[in-house]
> 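Take this structure first; my questions come after.
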Amino acid sequence: MSNHALAERHRLAELLAAAGPDAPTLCTGWTTRDLAAHLVLREHRPDAAAGIRVGALAGWTQRVQAGYAERPYEELLRSFRSGPPLLSPFALPGADEAANTVEYFVHAEDVLRAGESWRAQPVPPGRAEALWRRLPLIARLEAGRRSPARLELRRPDGQSLTVGPAGAPTVRITGEPGELLLFVHGRGARTELSVEGPPDAVAALHHVLPLPPVHP
């Protein structure tokens, strides 16, 4: 069975190593050191990781993450490469694959696309399908509730899914599964996507979820 999370873990670790500790990322306000500290915190400190999603605990999470960020960068990368400790929830059978395939793919692209001269890397077909299978739920949670437009997320082969408010103008966004996934996670300005729809609806969407600079 393919382990897409493990492959993306290795890819992300290599990108972080190549970029060095002070490179920018697409995570607002974070350098590669901050991102590495975040990744280690998620797996090693579940008590502090709750603040990633729960606003009331965000301050505690930030303090713990800042402590990790003070460690040597290579130490953080070694810890991330080695995978979750035995007592981590991510060490349960299947948990890493289920929870981290998308997480690591998105963060790898956060490193890869942070520079102005970025270029998308090909995604292996099996991994692209794994990302596509996860897209409907993520699109509803991350984009569907915020979008002012009805979103038709469409692959070049014609497969599509629709999220967003019924009755609103439809904006069609076409691209490979990984590009669509980055869009619903708010990274649309650094994607290779085409966008079609009423200009007013496209403009309103862009205020909530960034779109590529050119809309063919």
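Numbering of residues begins at 1 and proceeds along the displayed sequence.
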> Using a strict threshold of under 4.0 Å (side-chain N to carboxylate O), is an ion pair present between E14 and R9?
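Not counted as a salt bridge, because no side-chain N and carboxylate O are separated by less than 4.0 Å.
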> Testing the basics here: between V111 and A19, what is the closest heavy-atom pair and its distance to 0.1 Å?
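Scanning both residues completely, I find the closest heavy atoms to be CG1-CB, 4.1 Å.
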> Determine the minimum heavy-atom distance between L112 and W118, stating which atoms define it.
O-CB, 3.6 Å
> Taking all atoms of both residues into account, what is the closest heavy-atom pair of R154 and L180, and its distance?
O-CD1, 3.8 Å
> What's the separation between atom CG in D34 and atom SG in C27, rounded to the nearest 0.5 Å?
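Between D34 CG and C27 SG, I get 9.0 Å after rounding to 0.5 Å.
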> Please examine the side chains of I138 and V102, heavy atoms only from C-beta on, and report whether any two atoms are closer than 4.5 Å.
yes
> Check the hydrophobic clustering (I, L, V, M, F, W, Y; side-chain heavy atoms under 4.5 Å; chains of links allowed) and say if F90 and V106 are grouped together.
no
> Any donor-acceptor pair under 3.5 Å linking the side-chain atoms of Q121 with those of R11?
yes
> Is there side-chain contact between P212 and H206, with at least one heavy-atom pair below 4.5 Å?
no
> Is a side-chain N or O of E179 found less than 3.5 angstrom from the main chain of E192, in a donor-acceptor match?
yes
> Quick one: does L153's side chain get under 4.5 Å of F183's, heavy atoms only?
yes
> Give me the atom names and distance for the closest heavy-atom approach of G175 to P156.
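Heavy atoms of G175 and P156 come nearest at O-CD, 3.3 Å.
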> Which heavy atom in A36 sits nearest to a heavy atom in L77, and how many Å separate them?
CB-CD2, 4.2 Å
> If you define the side chain from C-beta out and look only at heavy atoms, does anything of L193 sit under 4.5 Å from T174?
no
> With heavy-atom distances below 4.5 Å as the criterion, would you say the side chains of D110 and R187 are in contact?
yes
> Could you tell me if the side chain of L209 sits less than 4.5 Å from the side chain of L211, heavy atoms only?
no
> What's the shortest heavy-atom distance between L161 and V163, and which atoms?
CD1-CG1, 3.9 Å
> Between E103 and R42, does a salt bridge (Lys or Arg N to Asp or Glu O under 4.0 Å) hold up when you go through it step by step?
CA-CA 11 Å; E103 176 83 7; R42 282 181 74 248; 3.6 Å; yes
> Could you check whether any side-chain heavy atom of D22 comes within less than 4.5 Å of a side-chain heavy atom of Y73, counting everything from C-beta outward?
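They are not in side-chain contact.
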> Would you say R127 and E8 make side-chain contact, with heavy atoms under 4.5 Å?
yes
> Could you tell me whether the side chains of H44 and S88 share a donor-acceptor contact shorter than 3.5 Å?
no
> Report the distance from atom CG of L39 to atom CG of L76, rounding to the nearest 0.5 Å.
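Spacing of CG (L39) from CG (L76) equals 9.5 Å.
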> Rounded to the nearest 0.5 Å, how far does CZ of R81 lie from CG of L12?
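If I round to the nearest 0.5 Å, the distance is 9.5 Å.
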> With rounding to the nearest 0.5 angstrom, report the CH2 to CD distance, W132 to Q159.
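One gets 6.0 Å once the value is rounded to the nearest 0.5 Å.
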> Which label fits H38 and H107: parallel for a plane angle under 30°, tilted from 30 to 60°, or perpendicular past 60°?
perpendicular
> With the 4.5 Å side-chain cut-off for hydrophobic clustering, are V208 and L26 part of the same group?
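No, V208 and L26 fall in different hydrophobic clusters.
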> State the OG-CZ distance between S194 and R172, to the nearest 0.5 angstrom.
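S194 OG to R172 CZ: 8.5 Å, rounded to 0.5 Å.
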> Say whether L6 and Y104 are linked into one hydrophobic cluster, either directly or through other cluster members, by side-chain heavy-atom distances under 4.5 angstrom.
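Unlinked, L6 and Y104 end up in two clusters.
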